[in-house]
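Notes to accompany the following structure.
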Amino acid sequence: MSREAATTDVMRLSRDTFALPAATLARRLLGCRLVRTLPDGSRMAGLIVETEAYVGVRDRASHAFGGRRTPRNESMYGEPGTCYVYFTYGMHHCVNVVCSRRDDPQAVLLRALEPVEGVEVIRARRGGKPPGSCCNGPGKLCEAMAIDRSLDGIDLAAGETLWIEDREGGEPPVSTAARVGIGDKGVWTRRRLRWFVRGHPHVSVARD
DNA sequence: ATGACGATTTACT
DNA sequence: GTAAATCGTCATA
C-alpha cells in the first residue's frame with residue numbers, strides 16, 4: 001500500500017478509540033461519519049454533529065445509574081464499541097456507542113447528524129422532510145438510518161451494517177451544554193455533558 | 001397485575 | 001409555549 005493511499009483511506013474507528021471515557025469520546029466523535037448499509041444495498045451516512053456523554057454508574061441520568069443492569073440496558077456493560085439501542089416514549093429509538101471498558105457502563109448518545117450520503121433514501125424514510133429536519137434529534141436520526149432494537153448489541157468496531165469512520169480533517173469548533181430531556185437529577189441535570197459543532201444548522205437544540 | 005415513567009417528536013394555540 | 005401520541009420497561013405489590 002502506498003503512502004498516499006494510507007493517508008487518504010477512511011479509517012473506521014476501532015476498539016482503542018471506543019475505549020475512551022464517555023466524556024472524551026463524545027467530543028472525539030464530532031465530525032466523524034456514521035455509516036449504515038441495508039440488505040437492499042442502499043448506503044446512508046451522516047456526519048456526527050451532536051453527542052451526549054453518560055458517564056457511568058454514578059451518573060443519575062444514565063440508564064445504568066447505581067449499576068442497574070436489566071435486559072434492556074445489558075449492552076451498556078459490553079465491550080467498548082458495542083451498540084446500545086433503546087426504545088422510548090412508546091415510539092422512538094435512540095442509539096449509543098458503548099465505551100470505556102467491559103462492565104463499566106459508559107456510553108455516548110448520538111443526537112444529530114448532517115446527512116451526506118443516501119440523502120434521498122434518508123428523506124424518504126423521514127416522510128420527505130427536508131435534509132435539515134431528517135437527523136436533528138436522536139429519535140429522528142434512528143428513523144432516518146433505519147436503526148432499531150435489532151441492532152442493539154452489535155459491534156460497531158466490526159462494522160457489518162453500522163459503523164463509524166474517523167473524520168479526515170481536524171476537530172470542528174465545539175460547544176458544550178447541559179444534556180437534553182433529563183428530568184430532575186440534581187447536579188447531573190446541569191452538568192455540561194453535551195457536545196455539538198458550534199453554529200451547525202443540524203444540531204437538535206442550539207441553546208447552550 | 002398495576003402504574004408511573006420516560007436520554008422524544010409533532011402538531012397546535 | 002403546551003399537549004398529545006403511544007407502549008416497553010421496571011419497580012412495587
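All values derive from a computational prediction rather than experimental measurement. The chains referred to below are lettered A, B, ... by the order of the sequence lines, with proteins before strands, and numbering in each begins at 1.
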Determine the contact category for A:Tyr89: base if any of its heavy atoms lies under 4.0 Å from a base atom, sugar-phosphate if only primed atoms, P, OP1 or OP2 are that close, otherwise nothing. base
Taking only N and O in the side chain of A:Lys185, is any of them less than 4.0 Å away from OP1 or OP2 of B:dA7? no
Residue A:Arg126, side-chain atoms from C-beta onward, closest of B:dT10, B:dT9, B:dG6: B:dT10
Under 5.5 Å between ring centres and under 30° between planes: true for A:Tyr86 and the base of B:dA7? no
With the side chain defined as heavy atoms from C-beta on, A:Phe87 is closest, among C:dG8, B:dT9, B:dA7, to C:dG8
Are A:Arg60 and A:Trp188 in a cation-pi setup, meaning NZ or CZ lies under 6.0 angstrom from the ring centre and within 45 degrees of the ring axis? no
I want to confirm an ordering. Mapping A:Gly90 and A:Asn73 to their closest nucleotides on DNA chain C, which one lands closer to the 5' end? A:Gly90
Hey, does A:Arg60 reach any base, or is it just sugar-phosphate, or nothing, if we go heavy atoms under 4.0 Å? nothing
For A:Ile182, report the nucleic acid contact type (base, sugar-phosphate, nothing); a contact means any heavy atom under 4.0 Å. sugar-phosphate
May I ask you to verify if any side-chain N or O of A:Arg194 is less than 4.0 angstrom from the OP1 or OP2 atom of B:dA7? no
So if I take every side-chain heavy atom of A:Met91 and compare against C:dT6, C:dT9, B:dT10, which nucleotide ends up nearest? C:dT6
Output the rounded distance in Å from CG (A:Leu109) to C1' (B:dT8). 11 Å
Determine yes or no for a side-chain-to-main-chain donor-acceptor pair under 3.5 angstrom, with A:Arg101 supplying the side chain and A:Pro80 the backbone. no
Answer yes or no: is there a donor N or O on one side and an acceptor on the other, between the side chain of A:Asp103 and the main chain of A:Pro105, under 3.5 Å? no
Please tell me which of the listed nucleotides, B:dT9, C:dT9, B:dA7, lies nearest to the side chain of A:Arg149? C:dT9
So which nucleotide from C:dC7, B:dT9, B:dA7 ends up closest to the side chain of A:Asn96? B:dA7
What do you reckon, is CG of A:Asp16 surrounded by more than 12 foreign heavy atoms closer than 6.0 Å? yes
